[in-house]
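First comes the structure, then the notes that go with it.
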Amino acid sequence: MSQGIKRGLSASVSAAALIFATGAATAQEDTLNVYNWSDYIAADTVPKFEEEFGVSVNYDVYDSNEVLEGTLMAGGTGYDVVVPSGSFFQRQIEAGIYQKLDKSKLDNWDHLDPQILEQVAQYDPGNEYGVPYMWGTTGIGYNVAMVEERLGADADFDTWDLIFDPETAAKLADCGVTLLDAPTEVFNTARQYLGLDPLSTDEDDLQAAVDLIMEIRPHIRYFHSSQYINDLANGEVCVSMGWSGDVFIAADRAEAGERDVEVAYTIPREGATIWFDIMAIPEGAPHPDNAHKWLNYQMRPEVAAENVNYVWYATANQDALPMIDDDIKNDPAIYPSEEVMESLFVDLPQEPRFARVQTRAWTRVKTGQ
Ligand code: SPD
């Protein structure tokens, strides 16, 4: 599973060529600038869209809500479509970063799952600003053999102990334990592991989470939100806090690879984050019309299904389900059972003051000081 997407440099070269060929105005109209998560779209979704609509897509990627938010807050990004996660989306709407959708241009809207729309409406009341794209959980990706080698054949994989129990993490340290570079998610999960409210904004609870992470800090190989995909696939690391679909991509790459590596994903029984990623059009986007075409295209059931079959995340598109591979739609780690759903929590935006305290705590945690 490899992704062949036109990215930054080649894209701007083609945009420049177009200006010479047809004049600046046309080039502008025929362009769309998309900023999405890495590994989050099928290989031929972009070329197919370009061919059908005669629009040249500049497609850039990120692997962190914080990076996306920093870019958006700086303003004047030139992006027409971005894909924040729910809690970030809410505060970005409040900051005036997005324009309202023109739903008269989104005639595929009815393919969306009303239950997902309702979930996303807690961030975006009335679903006025965003189109839900995919959703998933934040759990653990692991290398079955490497973990069993260190914890025994009866190793318990379905627990955050693999990462947050200092004794267990110490046993796994030599094969590589990694954390997402996603402060809110790591702190929320640490609080939940400690039996605290995962969304607590109490500074004592934050300190307890910091203390816990500091204890396992010596056993953490790195903090990164996409590197673990290939590292798990190649057997370079053995346990990663990771996003569901990304771990499945790692498992798929491992299977296709030459090394004998088996990667699996678990939603630990203590509970985990469920999140929703949402496509939106920034205020001042240079090509809002093309942005609406893109959103409407992504909502076609067959396009949504192709994306899911490629990236292993659950879709917000209910009419795509019949076209989704059975091993994806029947996998409870991708579409969790009601019982597991009960153990998941949704992230909510934090007060700016607490967010700042948490960001400082994150720097301490990452540097280990
Ligand atoms: N490779 C795609 C990753 C998408 C991750 N979305 C992150 C949600 C975080 N809350």
Side-chain angles (χ1 to χ4, degrees), residues 1-3 5 7 34-43 45-46 59-70 72 81-92 116 119-120 122-124 130-141 178-192 198-199 223-233 240-253 263 265 267 271-280 298 304 307-316 328 333-334 344-350 355 358 362:
M1 179 184 294
S2 71
Q3 303 211 6
I5 290 170
R7 296 276 311 279
V34 177
Y35 197 30
N36 194 2
W37 294 85
S38 48
D39 290 301
Y40 219 22
I41 195 161
T45 303
V46 171
Y59 193 93
D60 289 339
V61 297
Y62 52 86
D63 66 3
S64 138
N65 272 304
E66 286 76 11
V67 168
L68 169 63
E69 185 159 280
L72 290 171
V81 176
V82 297
V83 192
S85 306
S87 58
F88 284 78
F89 186 43
Q90 180 173 341
R91 68 181 190 211
Q92 290 159 5
I116 305 284
Q119 290 273 4
V120 168
Q122 66 190 306
Y123 306 113
D124 171 19
V131 175
Y133 181 55
M134 299 205 197
W135 58 274
T137 52
T138 304
I140 301 175
T178 76
L179 282 179
L180 289 168
D181 190 0
T184 313
E185 287 190 63
V186 176
F187 283 132
N188 287 354
T189 309
R191 277 185 285 260
Q192 187 181 45
L199 304 182
F223 294 78
H224 201 280
S225 297
S226 53
Q227 188 184 334
Y228 67 92
I229 303 176
N230 282 338
D231 284 352
L232 275 174
S240 294
M241 179 183 199
W243 291 313
S244 43
D246 287 6
V247 175
F248 282 98
I249 291 174
D252 196 58
R253 285 180 191 165
V263 172
Y265 176 73
I267 302 174
T273 310
I274 178 172
W275 45 259
F276 304 88
D277 289 338
I278 301 147
M279 297 181 282
Q298 300 304 327
N307 286 335
V308 169
N309 289 336
Y310 201 80
V311 304
W312 305 74
Y313 280 100
T315 176
I328 295 182
I334 301 176
L344 305 179
F345 65 90
V346 275
D347 189 19
L348 293 173
Q350 296 162 333
Q358 192 170 267
W362 185 243

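When a ligand or atom number is given, it counts from 1 through the structure's own listing order. Everything numeric here is computed off the predicted structure, so don't read it as measured data.
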How about Y265 and W243: are their ring centres within less than 6.0 Å of each other?
-> no
With heavy atoms of D246 as the reference, note each atom of ligand 1 found under 4.0 Å away.
-> 1 (N), 2 (C), 3 (C)
Begin with the C-alpha distance, continue with both residues' side-chain angles, and end with the deciding distance and a verdict on salt bridge (charged side-chain N to carboxylate O under 4.0 Å, His left out) for D231 and R253.
-> CA-CA 10 Å; D231 284 352; R253 285 180 191 165; over 6 Å; no
Quick one: does ligand 1 sit under 4.0 Å from the side chain of S226, the backbone, both or neither, non-hydrogen atoms only?
-> neither
Output yes when the distance from some N or O of ligand 1 to some N or O of D277 is under 3.5 Å, and no in every other case.
-> yes
Polar proximity ligand 1 side, S38 side, N/O cut 3.5 Å exclusive | yes
Working for side-chain contact (heavy atoms from CB on, under 4.5 Å), residues F223 and W362 = CA-CA 11 Å; F223 294 78; W362 185 243; 3.7 Å; yes
Centroid-centroid under 6.0 Å between Y40 and Y313 rings | yes
Using the six-membered ring of F89, assess whether NZ or CZ of R91 lies under 6.0 Å from its centre and within 45 degrees of the ring axis.
-> no
Contacting atoms of ligand 1, where contact means under 4.0 angstrom from a heavy atom of E185 | 9 (C), 10 (N)
